[in-house]
Amino acid sequence: MRPAIQIEDLTVAYGDTPVLWDVDLEVPSGVLAAVVGPNGAGKTTLMKAILRLVEPAAGRVLVEGKPYAEQRRLVGYVPQRGSIDWDFPTTVLDVVTMGRYGELGLFRRPGRRERDLAMEALAEVGMADLADRHISRLSGGQQQRVFLARAIVQDARVYLMDEPFQGVDATTERAIVRLLRDFRRAGKTVIVVHHDLQTVEEYFDWVTLLNVRVVAAGPVQEVFDEENLRATYGGRIAFAAPGGPPGDA
Amino acid sequence: MDLLGWWSDYTLRTVALGTATIGATAGVLGSFAVLRRQSLLGDTISHAALPGIALAFLLTGTKALPVLIAGAAVAGWLGARAAGGLTSVTRLKSDAALGVVLSVFFGFGLMLLTFIQRRPDATQAGLDTFLFGQAAALLQRDVVAMAAVGAAAVSLVALFWKEIKVQTFDPGFAASIGLPVARLDLLVTTLLVAAIVIGLESVGVVLMSALVVAPAAAARQWTDHLSGMVVLAAAFGAVSGASGALISASARHLPTGPVVVLCASLIVVVSLLAAPARGVVIRRARDRRARRRFGTRAVLSDLYALARQHDDPEHAHAAAVLEAMSGGRSGVRGDLEELERRGMARRAGDDGWFITDAGRARAERELEETS
Amino acid sequence: MTAAQLEIQAIAVCAAVACAVPGSFLVLRRMSLMSDAIAHSMLLGIVLAFYVVRSLQSPLLVVAAALTGVATVALVEAVAKTQLVREDAAIGLVFPLLFSVAVVLIARLPSGVHLDADVVLLGELAFAPYERWIAFGWDLGPKALWVTGTILVLNVAFVTAFFKELEVTTFDPGLAAALGMSPVVFHYGLMGVVSVSAVGAFDAVGAVLVIALLIVPPSAAYLLTDRLQSMILVAAATGALSAIAGFWLAHWLDASIAGSMASAAGILFLLALLFAPDRGLVAAARRRARRRWEFAHTMLAIHLFHHEGTPQAARESSMRHLGESLRWNDDFRERAVAGAAERGLVTRHDGRLTLTDAGRDLARRAVVR
């Protein structure tokens, strides 16, 4: 089976400052993968580069073997919660329905089918009774679940999520984990920028340790160890002997 | 002024329809400007339009409205793009970029106007009206053209409704599902320029921006749905425009722009104060009620606690004690009086209070609910 | 140059510099558009005062206008605090209302008393030399010069005396509060200074162009320098230059002095934008071109280093593959490789590249943080 994501020689720079250098990465299909690293390590940039929200200086990204541009429908994105204007006049159901806009294409209006799909997704995250609520009257956890429902409705095969667990209550955290496992059972791949090192081993099968370069990547059991963590977070990365860091194929 | 008499007067009818069109279009596009936190972009666009008007006159020698409007549109559009460009390319923040474009373009426009004034062909008197607006100068064919532009702008918004909506709400997500976010942004900016320039002759350069902000801000207070907000903004804009124009047409020496703005501002003030759910007056009343409800519950449970410590159920407790139990909060006496009114507490002597049977039952029920 | 021309320029320079000084803080605090609000609504204060004293010369007008400026800021913040509209919308709601009331009041003035709308926007700098301050039989010069000069001196004194406080409250309000400085006090103090400067300049250049004097020279200075003190000085110099250049431009074209001053300020801003030593567009373009090659060489070195000793080394170091994976077209690739070879970073052999020690060093250094 094709790997969900293949990244080769990806370099992204803002102006003249490199944020990602020559990243090689492969994430197999059907895993829950975490991307961890210190602040400024380029985790969000990696996500944005995969989604072509930023233009890489070099390298390429393949989704299930084909360039991202051809596979857009297969990829779903759950961005960080912070940047939304919560006073925007829209309801929970409305936001979730937006997840279908990619499918609908230009000019077609969302109809009964889209509403039904949205309601189903809301039910999956336990928010069906809040469908008509205005988004400003939601708690942090509820907001996150709305965005997850939007992701469900996209019916993607590969999901990219940017810090979904940030600032949510325990109920929501459990709901998110449950959803991730449902996705995995359905054969989907989820790549999550994750901030909490404590829960990596419990929630994820695969991990990438990133600090401008890939320090290590692979199954959590093999790769998530003290040496690699120190190399990622220690502030200075010294290159290992020639042969490169383990994990890049 | 006879309320509907203006309809039969050709001039007044033209003026009212024209400004209503302007107001409605500005309301629709203004909704998106306000939601994108670009309220003052409208101000910049309308001020930046001035040199365009002057140059259009200088280059073509005519004061035909379409020509001047075209010049205004080009200059306004360039101003908007320049402000955006300055923000993205330099370290200048968006407010300073808008301020620079606004004042420089406008100053340049004024310089051109005075330059034109000194020329021998002093038939430029009409250009002055672009500063504060003179809707009385509207001709029927102008109104038809304005309506066409307005209709086109609104149709484009309707056509791309969901794309514009999601791009305004969550540009990152919109980009990730493949929407051309940069081009949508450009579309909305261009439509905003169009909405503004059709209003420049009637409302004037200095005040047109208010018509972009006020109806939309007012509309937001009455509804939580984007579609409702846009429709309501259009309605508010139309009403402000028409009434402003009619009032100013009936008085002498009264430019249209300020009167339109006064009408629009009235609508905004009423909306901010009185709109259900959001209005300031409503909110304050609701807060007071909530505090009262909360207060009486607390005092009732305190009375109940005190009663349980005493054998005599009618032992009166001083109000001061209740106040102390509420941590010195003011309004405890009011709460006690409210409880008395509802039959849950009774006064004894000067300052003593005790709980009644009804109050006891209520307190017990509330305790159950919260445990 | 006649005496009148000299006086006009002096007034213009004083007004410009008086505005540039507090304007620098407005720009840094992201409150540039509050100047838009103040400049417009100031008119209401002037008109109301005029209704009371029936004279355009009274100092009450200045006081009223300055108070209106501060009141506008307070009103905008009160509206924003309701949480029903954002701050930018609050500005866009408040000042048009106040300005419209002012214009309507002006229009309703009994005829014979005429406050021209054009004057409101343009000022009457050309006539300023003719209003002189005569005291005890001495001609002390144009009143406007005394007014703007005084405001200039007061502004400089204010900024000098409270420089530390203004600096800290601008860049780190939290720290300011912790140090016992009240950000609110300095906020309103600054707004008061801005209002007074706006009034003083208003007399010379009219309402909207006050914005130009408050914002444009400081914005140009912001592009030119990194330090607060230099920024204020450069802003003042730019303002003064705009005033003088604007005057002569107006003279040449026989146009409004105020409009010309704003245009001149705009031209100076454009020059700063293009030609600023480090940040200017021209300098940035040149630097980008130079860095592009350096960046390419480093990317090449890192790429080779990364794959050295791995099974793919042979493939990854071939010229052709490099072109593909680094997204370089043939021409760029040739020049990049040539440049890297010249710098002694790589050696070329049979269509394949090998890193030198220097190249390896560069790769290592580039990634260490």
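In what follows, every chain begins at residue 1, and chains take the letters A, B, ... in the order their sequences are listed. Values below: every heavy atom of this structure, side chains too, minus hydrogens, waters and symmetry copies.
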Is any side-chain heavy atom of I211(C) closer than 4.5 Å to a side-chain heavy atom of F106(B)?
-> no
Set of ring pair (Phe, Tyr, Trp, His ring centres under 6.0 Å) partners for F115(B), sequence neighbours left out = none
For chain C, find which of L262(B), L112(B), V34(B) contributes the most heavy-atom pairs closer than 4.5 angstrom.
-> L262(B)
Answer yes or no: are there more than 12 heavy-atom neighbours, outside R286(C) itself, under 6.0 Å from its atom CZ?
-> no
Check whether R86(C) gets within reach of chain B through its side chain, its backbone, both or neither, counting any heavy atom under 4.5 Å.
-> side chain
Portion of I267(C) that has a non-hydrogen atom of chain B nearer than 4.5 angstrom | neither
May I ask you to name which of T82(C), V79(C), L26(C), V27(C) has the most heavy-atom pairs under 4.5 Å with chain B?
-> T82(C)
Best-contacting candidate, V101(C), L214(C), L273(C), V216(C), against chain B by heavy atom pairs under 4.5 angstrom | V216(C)
Please name the pair of heavy atoms, one in M111(B) and one in S263(C), separated by the smallest distance, quoted to 0.1 Å.
-> SD-OG, 3.8 Å
Rounded distance (nearest 0.5 Å) linking atom OG of S39(B) with atom CG of L33(C) = 10.5 Å
Distance (rounded to the nearest 0.5 Å) between D88(C) CG and D43(B) CG = 11.0 Å
Nearest heavy atoms of A217(B) and V85(C), plus distance in Å = CB-CG1, 4.0 Å
Of the listed D95(B), V104(B), V213(B), the one with the largest count of heavy-atom pairs under 4.5 Å with chain C is D95(B)
To the nearest 0.5 Å, tell me how far L254(B) CG sits from I106(C) CD1.
-> 12.0 Å
Ranking L253(C), L281(C), V94(C) by heavy-atom pairs under 4.5 Å to chain B gives rank one to L253(C)
Residues at least two apart in sequence or cross-chain that pass ring pair (Phe, Tyr, Trp, His ring centres under 6.0 Å) with F269(C), listed by chain then number, are none
Heavy-atom distance under 4.5 Å to chain B: side chain of M31(C), backbone, both or neither?
-> backbone
Distance-minimising heavy-atom pair for D36(C) and L102(B) = OD2-CD1, 3.7 Å
What part of L207(B) lies closer than 4.5 angstrom to a heavy atom of chain C: side chain, backbone, both or neither?
-> side chain
By a 4.5 Å heavy-atom criterion (distance strictly below it), what part of P255(B) contacts chain C: side chain, backbone, both, or neither?
-> side chain
Return the minimal non-hydrogen interatomic distance between K93(B) and Y222(C), and the atom names on each side.
-> NZ-OH, 3.2 Å
Heavy-atom closest pair, residues A96(B) and I215(C) = O-CG2, 4.0 Å
Find the distance between CG (L110(B)) and OG (S256(C)) and round it off to the nearest 0.5 Å.
-> 6.5 Å
So which of A90(C), A284(C), S260(C) has the biggest tally of heavy-atom pairs under 4.5 Å with chain B?
-> S260(C)
Proximity breakdown for L213(C) and chain B, heavy-atom pairs closer than 4.5 Å | neither
Select one option (side chain, backbone, both, neither) describing which atoms of V269(B) are under 4.5 Å from chain C's heavy atoms.
-> neither
Distance from L93(C) atom CG to L272(B) atom CG, nearest 0.5 Å?
-> 7.0 Å
Spacing of S209(B) atom OG and I91(C) atom CD1 [to the nearest 0.5 Å] = 11.5 Å
Where does V100(B) contact chain C at under 4.5 Å (heavy atoms): side chain, backbone, both or neither?
-> both
Please look at L249(C) and chain B and tell me whether the side chain, the backbone, both or neither of the residue comes under 4.5 angstrom of a heavy atom of that chain.
-> side chain
